[in-house]
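Notes for the one structure printed next.
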Amino acid sequence: MSEISHQSLPPGALEALQRPSNNGNRFTIRKLSDFDQGVLAVVRSQDTDPGALTHKFDLLCPRSGCGSIILKAGVGQWVESASVELDLTKEPLHPDLPALPTPPATVQWWLVTPSMMEFENIGFTRPVRQDVAAKSLKLLICAECDLGPLGWCEEGGSEFWLACSRVGYR
Ligand SMILES: [Zn+2]
């Protein structure tokens, strides 16, 4: 393409051509780290309990080019509690997944209850057992592209925990 024909393209056309075309998602996936105020920028009071905080954006798979909707706005409850070791394999972390602090350091979660029916789309791994005393955990992953772990739940449990830093916001 010559410089001249380049310049004759309508505004925005070049960006449109350069956009990944493998799916129809046209929205930007924002990460928690994209907000100057961090989690403060994404919370609002919960409708049913003004003392509790929820997310004012839909939660998405954080992978660029995926963005599958995981949870509708207003469903998860903000909780700060002990971190959980989710990255049990030796493989390097995907660039869209920030490392979580080592327990007992705390981390911010979106807590979803009482069942997986609250989710729009979510995938689960097979149960993983961290040690003999621990309960069996299942890891939450994107239902579309398998990116994860995004969070965890206990096998057969009614609480589903998504790491605030490991989901996208729309
Ligand atoms: Zn995905």
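The first residue in the sequence is number 1, and the count goes up from there. Counting starts at 1 for both ligands and their atoms, in listed order. Keep in mind that what you see is a predicted model, and the values were worked out from it rather than measured.
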Inset, instruction - Could you give me a count of protein N/O/S atoms that are under 2.8 Å from the Zn ion (ligand 1)? - result: 4
Inset, instruction - Output yes when Asp47 and Arg44 qualify as a salt bridge under the 4.0 Å nitrogen-oxygen rule, no when they do not. - result: yes
Inset, instruction - Answer yes or no for Arg30 and Phe35: cation-pi contact, defined as NZ/CZ to six-membered ring centre under 6.0 Å and angle to ring axis within 45°. - result: no
Legend entry - Inter-residue atom distance Ile122.CD1 - Phe160.CZ, 0.5 Å rounding: 9.5 Å
Legend entry - side-chain contact (heavy atoms from CB on, under 4.5 Å) partners of Gln77, counting only residues at least two apart: Gln46, Ala52
Legend entry - Close side-chain approach of Leu150 and Leu97, heavy atoms under 4.5 Å: yes
Inset, instruction - Rounded to the nearest 0.5 Å, what's the gap from CD on Glu120 to CG on Leu60? Could you check? - result: 11.0 Å
